[in-house]
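Have a look at the structure below, then the notes.
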2 protein chains.
Amino acid sequence: MQTATNLTVKLNVDERHRLKVLADAKKRTPHFLMKEAIQRYIADEEAEQMAVKIAIASVEHYKQTGLHVSLDEVRTWAKAVKVDRSAKIPSCHV
Amino acid sequence: MQTATNLTVKLNVDERHRLKVLADAKKRTPHFLMKEAIQRYIADEEAEQMAVKIAIASVEHYKQTGLHVSLDEVRTWAKAVKVDRSAKIPSCHV
DNA sequence: CCAGTTGGATGACC
DNA sequence: GGTCATCCAACTGG
């Protein structure tokens with residue numbers, strides 16, 4: 001195990017105490033809750049960053065290749081799918 | 001603002017560093033993220049506690065008064081509302 | 001009893 | 001506000 005190192009966070013008194021309340025409502029320690037809080041947050045935000053990065057990369061790719069599929073094409077396909085479940089998905093083109 | 005006091009949270013190295021990465025991806029400081037993290041967490045968990053408390057109180061109230069409205073009654077009302085937007089909502093009874 | 005981990009408070013520095 | 005280094009109490013496993 002990698003010896004957990006110490007960080008400090010500055011919170012006002014009431015936040016601290018709300019943590020304590022939740023903590024014993026949950027039968028866990030405040031410290032534990034903070035860790036959880038931060039871990040969850042990291043996970044979430046990391047996912048968000050990923051999504052953003054993918055979107056940006058995607059646009060970049062389009063700018064460099066000109067490859068794309070237009071919104072109209074997608075709409076057409078969406079309609080077609082309603083009648084024919086195996087309608088061919090539009091492919092990329094310049 | 002009321003004197004923010006210092007608390008300590010112990011995280012492993014990688015969590016720390018992931019925070020830093022997200023932090024500068026977001027152009028904010030790690031500390032700030034931790035605060036956010038904890039505040040969000042508190043808010044969420046508090047809401048959850050509330051919901052649970054209300055549900056329990058509600059059941060308690062039913063047990064003591066016998067007052068309730070049955071699922072069927074709600075369903076009937078829901079249907080009625082579709083035709084008559086001002087259908088009377090079912091009232092509690094024993 | 002000692003070592004390691006968790007849980008937590010402080011004081012100091014930028 | 002943002003960050004680090006200590007130091008302390010309590011518990012746990014050897």
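Here the structure is a predicted model, which means the values were calculated and not measured. In the text below, chain A, chain B and the rest are named by the order of the sequence lines, each starting its count at 1.
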Every protein N/O lying under 3.5 Å from an N/O of nucleotides 12-14 of chain D:
none

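In summary, K63(A) and E60(A) engage in a salt bridge, as defined by a charged side-chain N under 4.0 Å from a carboxylate O.
For residues 4-28 of chain B, there are no ring pair (Phe, Tyr, Trp, His ring centres under 6.0 Å) pairs, not counting sequence neighbours. For residues 55-77 of chain B, the pairs satisfying ring pair (Phe, Tyr, Trp, His ring centres under 6.0 Å) are Y62(B)-H68(B), H68(B)-H93(B), with sequence neighbours left out. Within the structure, every pair that satisfies the side-chain hydrogen bond (donor to acceptor under 3.5 Å, both in side chains) test and touches residues 19-33 of chain B, not counting sequence neighbours, is listed here: E45(A)-K26(B).
Rounding to the nearest 0.5 angstrom, the gap separating the CD atom in E15(A) from the CD1 atom in I38(B) is 8.5 Å. In this structure, the separation between CG on L33(B) and NZ on K35(B) is 11.5 Å, given to the nearest 0.5 Å.
Of all the heavy atoms in A25(A) and Q49(B), the pair that sits closest is CB-NE2, 3.9 Å.
When heavy atoms are screened at a 4.0 angstrom cut-off, T5(A) is found touching no nucleic acid atom at all.
A heavy-atom distance below 4.5 Å is found between the side chains of L11(B) and L19(B).
For the pair T76(B) (side chain) and D72(B) (backbone), a donor-acceptor distance under 3.5 Å is present.
Interface residues of residues 8-34 of chain B facing DNA chain C, ordered by number: T8(B), K10(B); criterion, heavy-atom separation under 4.0 Å.
In terms of position on DNA chain D, the residue among L7(A) and K35(B) whose nearest nucleotide sits closer to the 5' end is K35(B).
Counting only N and O atoms by type, the side chains of S86(B) and D84(B) include a donor and acceptor under 3.5 Å apart.
Boundaries of the chain A contact region on DNA chain C are dT5(C) to dT10(C), first to last in 5' to 3' order (nucleotide atom under 4.0 Å from a heavy atom).
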